[in-house]
Amino acid sequence: MQKEIKMSTEIEKRVGNLLNSSNGTSSVETGSSRSSETEALQSKPVEIGRGASLLEIDTASEGLNMELKQKQEKMRETDNVKAMLEFREKLPAFKLKSEFLKAVAANQVLVVSGETGCGKTTQLPQFILENEISSLRGASCSIICTQPRRISAISVAARISSERGEKLGETVGYQIRLESKRSAQTRLLFCTTGVLLRQLVQDPDLTGITHLLVDEIHERGMNEDFLLIILHDLLPRRPDLRLILMSATINADLFSKYFGNAPTIHIPGFTFPVKEFYLENVLEKTRYNIQSEFENFRGNSRRGRRQQESRKDPLTELFEDADIDALFKGYSTSTRRSLEAWSGSQLDLGLVESTVEYICRHEGSGAILVFLTGWDDISKLHDKLKVNNFLGDTNKFLVLPLHGSMPTINQREIFDRPPPNVRKIVLATNIAESSITIDDVVYVVDCGKAKETSYDALNKLACLLPSWISKASAHQRRGRAGRVQPGVCYRLYPKMIHDAMPQYQLPEMLRTPLQELCLHIKSLQLGAISMFLAKALQPPDPLSVENAIELLKTIGALDDREELTPLGRHLCTLPLDPNIGKMLLMGSIFQCLNPALTIAAALAHRDPFVLPLNRKEEADAAKRSFAGDSCSDHIALLKAFEGWKDAKRNRKDRTFCWENFLSPVTMQMMEDMRNQFLDLLSGIGFVDKSQGPKAYNQYSDDLEMVCAILCAGLYPNVVQCKRRGKRTAFYTKEVGKVDIHPASVNAGVHLFPLPYMVYSEKVKTSSIYIRDSTNISDYALLMFGGNLIPSKSGDGIEMLGGYLHFSASKTVLDLIRKLRGELDKLLSRKIEEPGLDITVEGKGVVAAVVELLHSQDVHYR
DNA sequence: GAGCACTGC
């Protein structure tokens, strides 16, 4: 589609005059649009600073060694610590203390496997600390233990401090993003894996660290897998460093092999037994009658179903091909009929409800935890339980939804024991599998599925689809029932399906886009990206790696030789997705600092808008009112934050959040992250804090400019809006037609003032959705999008590898090319020399760009 | 005509 750009002669004249008025830029080559970012940013590396290491160690002094030892021994005599010790001695880990310490002394790498409740996380790091201190090495030891989640870093550090009879932050501390409790005396530090990875940029050899424990590696998170590759390379350079890998029992051998058959210690678990039932047993107990969704089709319902649904997962197919009558001979007719009708691809909420009802009627007291896949299931089951009210008295039940985006997420009710005779029923997603632990759960109902991300490298598409969980996850879910007493787990899928489940989930590195990881690899100077990633425990698909590198080149972070450009080096210092980092930098450069900080914080963290169960329409309206007529989810986020800041000044922030369906915790996190970004921008010279906020916000209230900055950052995430009669259809280069996500402020809007959208997230679920979007103009794209390529016919401009075409009169084209050329020159100078004041140096160019952006609405309506 | 797994710097 050729897009014609009509510019009024008046605008043409005004923009031209402004451009020509700019300092010393009269000798512009008009055809030089290719000399933009990527090329111009290649020279002059930016120094990546070296700072202090995570634990600052005093030079080991004998006096301090003795002092630490005496203090430890003195504390052991206190009643408090004695009582703690009594408890600790009952943990399975305690019996292996000396074996563990011997193994640590004798081996550089040790793998410890242990089930939940064995005490490995709280005891093993503590054993090392105690041993070092009593061996008079307390002053020089420096133990780090990484955790995948912030909460566990804090809670484990707090637990160990109290077991030692100390205050948190003395010898035991923690450090997570934007929050730490540690001191000069801290010898054992719990941090998130992400914090350690950032620290590695400044201290690649982990100088001074004596012991490193990496916990929960069986989860196969991206950070943990990444860290293991780095450590694999680091160990030969640091023969004195001790590495202890901690994993659940399941796949300890894999890690041992990766580190040259490192010795393995196993610690038995310490939880109560949990009985398990599968679908066939549950049906026998509940007598629930599963109705086939294809009951209306002629003949065999299963065959009818198979004809209806073309592509199914192999597990579901496996069961549908099974001979039910032969396999389940001993079972009742009604169970067999239900098994015939059961569909593995669709959750039967009636079955879930009936199982919950069965537990309430026939089992003893104790909370029920139901694992479901998402918001929809939780909402529907919640309504069903409330409406059907199967046990008459609603006061006897406390039904609580537990979903990361629901406003109830921070309520204490979830953890509190309900009053006697009241049964707590928690309807949860995967969040209750490892992030949130509810102690009093005795019954688990597991639907066997979870929404899982995957990455389609061919279409460069992230997917979020419900799929069967792994045996490891099923085991973990079951274990949630046995924390305080023996429990029961009701699995709402046949045993046959369970037996066919994959042993483990695919590692995150194989399920996610890799651009942020690739940038991190470059910043740590770990060599060629694909060579480095090939060394992983399970290396990602080369095509995924290629896609990530290509994207980094497109946005100008890497050059043709895959080396960091000056822009790329700046992006390395920002803990953000490269596109969002670029948006932030561009915002600070073009005088939109406050909006850029806010939008970057909102996109990097979770969505501050909560999704309440019953007041969806109101929540939707609140979001739309923030967006006004901007046609932008990003502007809605910005306005919501600004409103919150105002409310906070008047101490009305709680009410403001409640009325506008915002999460107070997320808003606070956004504010803290903004401050961190501001510090980092100041560190690399883009912001001079002594200048005050006004110095960087000249265009912060200029909507066109803010949207242009979004375009600069989010490119090449561009959507074409095409009019189809009274509606608009949306297309991307990679996957063709897409839909606006129904939660977007742009959903249901039929006509847009401007011809393009930029977005930060595109996810395939039931359809391919653009989750957040901002409507932008041709001029925003021409000034801040990708490089301008002359079209083959010579009378236009192309972008996005020829996907977008623009045509205009020769004078207009020349003006656009000239202006863009000047803008790119200014930008590269600024990026090489962040202190440069573009309001002085590039006054004319910037003014001309602003003029052009403001004229955008004259040509599309 | 429709929908929002979960972490982390």
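Every chain is numbered from 1, with letters handed out A, B, ... down the list of sequences. Given the structure is predicted, the values throughout are model-derived calculations rather than measurements.
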Just to be sure I understand the rule, does [X] reach a base, reach only the sugar-phosphate, or reach nothing, if contact means heavy atoms closer than 4.0 Å?
{"X": "A:S766", "value": "sugar-phosphate"}
{"X": "A:T765", "value": "sugar-phosphate"}
{"X": "A:G404", "value": "sugar-phosphate"}
{"X": "A:R198", "value": "base"}
{"X": "A:I176", "value": "sugar-phosphate"}
{"X": "A:A743", "value": "base"}
{"X": "A:R727", "value": "base"}

If you assign each of A:H403 and A:L574 to its closest nucleotide in DNA chain B, which residue comes earlier from the 5' end? A:H403

First encountered from the 5' end of DNA chain B, between A:E516 and A:T373: A:T373

Which pair of non-hydrogen atoms, one from A:C447 and one from A:L492, has the smallest distance, and what is that distance? CA-CB, 4.4 Å

With sequence neighbours excluded, give me every salt bridge (charged side-chain N to carboxylate O under 4.0 Å, His left out) pair touching residues 659-668 of chain A. none

Sequence neighbours left out, what pairs pass salt bridge (charged side-chain N to carboxylate O under 4.0 Å, His left out) with at least one residue falling in residues 601-616 of chain A? A:R615-A:E618

Enter syn or anti for the glycosidic conformation of B:dC4, syn applying to angles within 90° of 0. syn

Centre of A:Y174's six-membered ring, under 6.0 Å away, within 45 degrees of the axis: is that where NZ or CZ of A:K181 sits? no

Charged tip of A:K737 within 45° of A:F730 ring normal and under 6.0 Å: no

Outer limits of DNA chain B sitting under 4.0 Å from a non-hydrogen atom of chain A, read 5' to 3', are B:dG1 to B:dC9

Just to verify, what does A:D577 make a salt bridge (charged side-chain N to carboxylate O under 4.0 Å, His left out) with, not counting sequence neighbours? none

Looking at residues at least two apart in the chain, or sitting in another chain, which of them share a salt bridge (charged side-chain N to carboxylate O under 4.0 Å, His left out) with A:D456? none

State whether A:R478 and A:D446 are salt-bridged, where the test is any N-O pair (Lys NZ or Arg NE/NH1/NH2 against Asp/Glu carboxylate O) under 4.0 Å. no

Taking the six-membered ring where the residue is Trp, are the ring centres of A:F686 and A:H570 under 6.0 Å apart? yes

Among residues 596-612 of chain A, which ones have heavy-atom contacts with DNA chain B below 4.0 Å? A:A604, A:R606, A:L611

